[in-house]
Protein chains: 2
Amino acid sequence: MAKSGAKSQLRSREAEGANDTRLALIGAAIETLKADGFAGASARAIAGRAGCNQGLVFYHFGSVVNLLLAALDAVSAARLEHYGASVSRVDSISGLVDAAAAIFQEDLNAGHITVLVELIGGASSTLGLGPEVAKRIAPWTQFAQRSVDASIADSPFDAVIPSGDLALAIVALYMGLEMLSHLDGDRAPALALFAHAKRLAALFEGFGGSTPLTAKPQTPPDVPMPEEAP
Amino acid sequence: MAKSGAKSQLRSREAEGANDTRLALIGAAIETLKADGFAGASARAIAGRAGCNQGLVFYHFGSVVNLLLAALDAVSAARLEHYGASVSRVDSISGLVDAAAAIFQEDLNAGHITVLVELIGGASSTLGLGPEVAKRIAPWTQFAQRSVDASIADSPFDAVIPSGDLALAIVALYMGLEMLSHLDGDRAPALALFAHAKRLAALFEGFGGSTPLTAKPQTPPDVPMPEEAP
DNA sequence: GTCTATACTTGGATAGAC
DNA sequence: GTCTATCCAAGTATAGAC
């Protein structure tokens, strides 16, 4: 953040400016993690991107790692809110796959998952980071499990695999696809998987007997999703 | 590597010693990537673990990144050879799942995949590393595809999802499960997934009609696997 | 709150002795 | 081929001026 031009005489204005730099640093930390990874996310690189001084990282967050965790918090909160909105009106497997495909494409293009993946990788080198990151991933798997429960409860699916284990697999697959797609810059194969998943979902719905095999069921939501965790 | 004690007078002995340090450095690089991640894999840390001087990293490999890539080559070669031996006598889906479960447990306990995952994460921060890592992952997905082809060709599976896309998903899931298990130190949920996969495989074999639903087919290999890529 | 300046540490890489 | 010594760049973190 540049100097605040004219000196502000109101406490509220000063606090506002301080909050602006906090947000600017968090945003810059997110972008730096996406572009340069954990190893490249230094206080200097982040502050440079935010347009402010390097020392402010330590003034506002105490350490670089704390800033990175604040960045993860921000990404996690924003994405979970968006996921909830997308999935709230889904109550079929193929509908869930549709929503997941759209969400995944967004995440892939914007690099949201990269933030998560880089911090997991960085957790190996920074003492104490692992548990903090794990704490922030839990809501993702919980959300996945709730979504699976809501749209699969009455299908034959939950008989063969518990929703908790399926949620873990979904999150793992999500992260793995992000890594591979990000690595060779080719998003097409990962997106193709969702097309296959949709076909499989239609197949399962056919076995369930509730919906035809080819048609895409767009039933109105009669069972609202539970509220998001705060 | 410690000093070679008595001075060796044979060229072959000297070359032997040099190769020993090369191997020691590669082994130490692998262990350092597992323990301290990409960000912690410095020339000093690796050489310290190998018991030799830091300068030898640059003498033998030119740069730290080159040593890390050599480490990935070593892990990749060793694991692919082992995978090939495990899968070579498999020609059913449930047999493949059995082999994959055993292999995954080994990889998880030994941390073999961590080497791969850390290098992918590090590729974001080091210019030019990405393509080199991608080049070394290709054999893994190719192997997965060949294995899927060999044991699934006559099942209804390949009608709904091409083996190439399925192979990508398997590798992605493999890496994602490694990351999550490594993060919170709990391997049980990932391993539970393989039990579910086995049940699913038996289900598919039942639909295929070629094998009974509960029995594990252990037919001798009549179609040898193709040779490994060099 | 923000900036400049600086102390301290670690890491990549090279030169030269043995 | 290996080691010691060293240079230089980059990073974390703090102190003090504004």
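So you know, we letter chains A, B, ... as the sequences are listed, proteins then strands, and number each from 1.
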| said: Can you measure B:Phe61 atom CZ to D:dG1 atom P for me and round it to whole angstrom units? | reply: 12 Å
| request: If the plane angle is over 60° it's perpendicular, under 30° parallel, otherwise tilted; pick one for A:Tyr83 and A:Phe143. | output: tilted
| said: What is the distance, to the nearest angstrom, from the CG atom on B:Asp20 to the C1' atom on D:dT2? | reply: 14 Å
| Please give, in whole Å, the distance from D:dT2 C1' to B:Leu25 CG? | 11 Å
| query | Expressed in angstrom and rounded to an integer, what is the separation of A:Asn53 atom CG from D:dG11 atom P? | reply | 14 Å
| query | Within this structure, what is the CD-to-C1' distance between A:Gln54 and D:dA15, rounded to whole angstrom? | reply | 13 Å
| remark: Closest of C:dT14, C:dC3, D:dT2 to the B:Phe58 side chain is C:dT14
| Student check: side-chain heavy atoms of A:His112 and A:Glu106 closer than 4.5 Å | no
| said: Tell me the interatomic distance from A:Ile46, atom CD1, to D:dG11, atom P, rounded to whole angstroms. | reply: 11 Å
| query | So, B:Ser76 versus B:Arg136: side-chain donor-acceptor pair below 3.5 Å or not? | reply | no
| request: Would you check if the side chain of B:Asp107 reaches a backbone N or O of B:Ile113 as a donor-acceptor pair within less than 3.5 Å? | output: no
| message | Looking only at the side chain of B:Arg44 (C-beta and beyond, no hydrogens), which of the listed nucleotides D:dT2, C:dC3, C:dG11 gets closest? | response | C:dG11
| request: In whole angstrom, give the distance that lies between atom CG of A:Leu56 and atom P of D:dA17. | output: 18 Å
| request: Please determine, for the side chain of B:Tyr59, which listed nucleotide (D:dT2, C:dG11, C:dA13) has the closest atom? | output: D:dT2
| request: Quick one: label A:Val64 by what it contacts on the DNA or RNA (base, sugar-phosphate, nothing), any heavy atom closer than 4.0 Å. | output: sugar-phosphate
| Quick one: B:Leu67 CG to C:dG12 C1', roughly how many Å, whole number? | 13 Å
| request: Verify the contact: side-chain N or O of B:Thr21 to OP1 or OP2 of D:dG1, cut-off strictly under 4.0 Å; return yes or no. | output: no
